[in-house]
Amino acid sequence: AKNVGILAVDIYFPPTCIQQEALEAHDGASKGKYTIGLGQDCMAFCTEVEDVISMSLTAVTSLLEKYGIDPKQIGRLEVGSETVIDKSKSIKTFLMQIFEKCGNTDIEGVDSTNACYGGTAALFNCVNWVESSSWDGRYGLVVCTDSAVYAEGPARPTGGAAAIAILIGPDAPISFESKFRGSHMAHAYDFYKPNLASEYPVVDGKLSQTCYLMALDSCYKQLCKKYEKLEGKQFSLSDADYVVFHSPYNKLVQKSFARLLYNDFLRNASSVDEVAKEKLGPFSALSGDESYQSRDLEKVTQQLAKPLYDAKVQPTTLIPKQVGNMYTASLYAAFASLLHNKHTTLAGQRVIMFSYGSGLSATMFSLKLNEGQHPFSLSNIASVMDVGKKLESRHEFPPEKFVETMKLMEHRYGAKDFVTSKDCSLLSPGTYYLTEVDSMYRRFYAKK
Ligand code: ACO
């Protein structure tokens, strides 16, 4: 198979959300901390009728319907998630309900888990399958689904929730430049979920920021090295039309892009002009450690990177700023934002993607875009996703109601023998919702 990659995408996020400005005031944080300091506008969350399974049922059903895909045409289904509902039974098996109905049980793949990286692992599995000798000619389907919730405290505003479904096959409008790829994997305790009775992670916020930036540097170096070896010329930010980041919160994305410019400076790359070189001169002798700690470097690089950030990154930030961290779906929601904003001008362009999952695992990889053919065209993907309408038709909760919802969800996590309110009045038609968890922990869903 040639030009294997992404044929179609659909995204779902809960219609229930809270404005960061309201949360900020409610939490007693200083004004601007969440909106300017973290760079976030709004945060989506699941109420008691939604979870990672219902969201992924919604996303998959919607993708199949809107692109006219017969469920029998799916040969591999992979799920990336870090929201554990069951320690044995995969989310993928819940999604099989959609395919069993159509007589298709011949579908490989299960779930992949490592913090926010599981979606990328699932994606690579599907792409590799289509490129391999075990491919049977059918499509691969990747689902990233997470509900990101934190205990009360500084991490709470960095939550979010979404599911994204991605169809994989040959002759794709979004194909992988698989040779241009760099990974960084290491052992770290920056963010992990050792308490199996709680949905909340244990998180060392500061360490997670440094781990993220170190992984970014390392992946970028690897990607540059491989590009240079294969192409016989240097890689720099000038060779990327857009850079898409895993987005826990927007400020980290701003810092990350600036960090890539600093990397280009240290490599004496063509993307760095004379003015920038002069301003960065004083920082050329910093050790790696010093460079992660230097507030001055952070400030100068962010200033210098601003015009490039506006051109190459800003169009990718819409959904992450409006919905929050969607863990495994975050990177792909950022990419969906780019498709939404720029689909008319993306043909021929290269997009660099950076995936990070705490613990830690990270990969930077490259995508090449072309317009494609209906229904698998960039313009159709943008119109199917209908991001603008989904964002507009949301319902804002006041902070008190949000906190109340979080408390209820804490009780419900890992619980059995309850029925939900079954109140689906806020959900749009076609959305799946949780109705009951019985005395055997079996979960039941309905479709609005
Ligand atoms: N107006 C404007 N900016 C403000 C204000 C204000 N009133 N108050 C604070 N700020 C700025 C700070 O200066 C800081 O920005 P800077 O880093 O550019 O200086 C920013 O707001 C955040 O403030 P901090 O005091 O650093 O925030 P805190 O430490 O309380 O929490 C953190 C932030 C660590 C990100 C926390 O939300 C967290 O732990 N989140 C989860 C972990 C996470 O997402 N890690 C990212 C990678 S791992 C992953 O994807 C899960």
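Both counts, for ligands and for their atoms, begin at 1 and track the order of listing. In this text the structure is predicted, and so the values were computed from the model without any measurement. Side chains are part of it too, since the values below use all heavy atoms of this structure and drop only hydrogens, waters and symmetry mates.
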Original post:
Where does the angle between the aromatic ring planes of Y356 and Y212 fall among parallel (under 30°), tilted (30 to 60°) and perpendicular (over 60°)?
Top reply: tilted
Original post:
Does I91 offer a backbone N or O that forms a donor-acceptor pair with the side chain of D111 under 3.5 Å?
Top reply: yes
Original post:
Can you say whether the rings of H187 and Y189 are parallel (under 30°), tilted (30 to 60°) or perpendicular (over 60°)?
Top reply: perpendicular
Subject >> Part of K31 within contact of ligand 1 (heavy atoms, under 4.0 Å) >> reply: backbone
Original post:
Between D190 and ligand 1, which residue portion shows a heavy-atom distance shorter than 4.0 Å: side chain, backbone, both, or neither?
Top reply: neither
Original post:
Does the separation of the ring centres of Y327 and F191 fall below 6.0 angstrom?
Top reply: yes
Subject >> K277 bridged to E274 by N-O distance under 4.0 Å >> reply: yes
Original post:
Which protein non-hydrogen atom lies closest to atom 15 (O) of ligand 1, naming both residue and atom, and how far is it?
Top reply: K251 NZ, 3.2 Å
Original post:
Are any of the N/O atoms in T158 less than 3.5 Å from those in ligand 1?
Top reply: yes
Original post:
Q209 to ligand 1: N or O pair under 3.5 Å?
Top reply: no
Original post:
Between S358 and ligand 1, which part of the residue brings a heavy atom under 4.0 Å of the ligand: side chain, backbone, both or neither?
Top reply: side chain
Original post:
Do F45 and F397 make the cut of ring centroids closer than 6.0 angstrom?
Top reply: yes
Original post:
For atom 33 (C) of ligand 1, what's the nearest protein heavy atom and its distance?
Top reply: L38 CD2, 4.1 Å
Subject >> Heteroatom distance test (L252, ligand 1): nitrogen or oxygen, under 3.5 angstrom >> reply: no
